[in-house]
Amino acid sequence: MMDIRVNGLLKSFDGKRVLDGFSAEFPDGGITCIMGESGCGKTTLLNVLMGFIQPDGGELSGVPERISAVFQEDRLCEDFSAVSNIRLVTGAERSRGEIEALLRRLGLGESMYRPVREFSGGMKRRVALARALLYDSGLLILDEAFKGLDDASKDIALECVREYAAGRTVIAVTHDAEEARALGGKLIKMEAAA
Amino acid sequence: MAFWLVLWQCASMLLAQPLLLVSPLSVLRRLAVIWLEAGFWQTLAFSFFRIVAGFLLAFVLGVLLAVLAGRLRAAEVLLRPLMATVKSVPVASFIIISLIWLTAARLSIFISFLMVLPIIYSNVLQGIKSTDARMLEMAQLYKVPWRRRLLYIYMPQVRPFLLSACSVALGISWKSGIAAEVIGIPNGSIGEMLYESKVYFKTADLFAWTVVIILASLLFEKLFLRLLRAVFARLEKI
């Protein structure tokens, strides 16, 4: 594996420049936290890394083929249970026991077979996190993954990230300096394009 | 319902001309014996199987074409004028044109197929198009296989569209199928019975057969929708 490198990334939407020559290096197997004001292009950068949008210019290298992510929105199938949502992406790669164990650890033991439409925002967030952690990927993207979690749940979630993401490259976007400190690793401060 | 039946009974008593407006009691009396008459079940089966066959063919083809149009823009563009034409041409025109090509016995299959096809197609296509783009991005990122995407991401979105399309299309398949039979008059069909009722002024028979059509249509609609819901529930289990 190699480091992920972005060099001189350019992206505009409707003539408004969001990324203006952004460059960074994300060490292989390490955690990188990105902080910055709203609208400075953090999510755009993640969307470029995930291949959802094409940059207008710049270079991108070292992005692994398998990526998992906790998106800003949970992106769960509302009629399915937490376990089914995870099985949808993992297939037979993960046993039901492994899925149940992580969900139990994240405090969803009682409700893991209920449709997620009945879940609170924090519970859905934890399901989305479990899905990303259990998917065997080379890059884990966390876009405000701990938003809406209470302190106790956040501590457990951070512990699970450190454990399950060991050896994987992690890129985490956060507004919370405390959260960035807890995740550790490299910190990048993004600024809005001029 | 009771109010309208009473109103109907009163109107027929006031008019006192059973030829023009038969009373609901007379229809009920006719219904009580019509199913015992020779040939009733064969007549019902003749129309039922043809109309249902037309509906099922349109259901399968409508879903397949919608999936194709959902994936290929060119297919959607190609099918758009065809579906728009089928929707806007009066059913009577289709029946008369089809009588030149087909035997009267096969007419109701084709007509009910033709009337149902655009309804199923356009609703399923709308369902496919309304699938949440963010969920599709999620499936793309996690490399969810195509079969799982279809079953667990597209199908829950398409389900309400398909169920409501079927609910509408089932009624239309019976209306158009019977209309085709009344014009084509195939031997041993409900359409023939309706036509004869008109020719021989058997108003009670006309109403009794109409009730039979409504009951058969409702029964099939309930059965089919229940079956479809059960299939969805089974398929969507991971």
Exam field: side chain A/Asp56 to backbone A/Ser12, donor-acceptor pair closer than 3.5 Å
yes
Determine whether more than 12 heavy atoms belonging to other residues, nucleotides or ligands lie under 6.0 Å from atom CD of A/Glu191.
no
Ordered numerically, the heavy-atom neighbours of chain B under 4.5 Å found in residues 146-153 of chain A are none
Neighbour count above 12 (heavy atom, 6.0 Å) for A/Lys186 NZ
yes
Is it true that atom CD of A/Glu98 has more than 12 heavy atoms of other residues, nucleotides or ligands lying nearer than 6.0 Å?
yes
Test ring pair (Phe, Tyr, Trp, His ring centres under 6.0 Å) applied to B/Phe40 and B/Phe48, B/Phe46, B/Trp209, the passing residue
B/Trp209
Salt-bridged, A/Glu144 to A/Arg125, with N to O below 4.0 Å?
no
Show the numbers, then the answer: is there a salt bridge (charged side-chain N to carboxylate O under 4.0 Å, His left out) between A/Glu100 and A/Arg96?
CA-CA 6 Å; A/Glu100 287 175 354; A/Arg96 200 171 275 271; 5.1 Å; no
Less than 4.0 Å between a side-chain N and a carboxylate O, is that true for A/Arg181 and A/Glu178?
yes
Largest heavy-atom contact set with chain B, pairs under 4.5 Å, which of A/Glu73, A/Arg131, A/Arg75
A/Arg75
Within a 6.0 Å radius of atom CZ on B/Arg106, are there more than 12 heavy atoms belonging to other residues, nucleotides or ligands?
no
Can you check whether anything in residues 35-54 of chain A gets within less than 4.5 Å of chain B, heavy-atom wise, and list it by number?
A/Met50, A/Gly51, A/Phe52
I need the minimum non-hydrogen distance between A/Leu139 and A/Pro64, along with the two atoms involved.
CB-CG, 3.5 Å
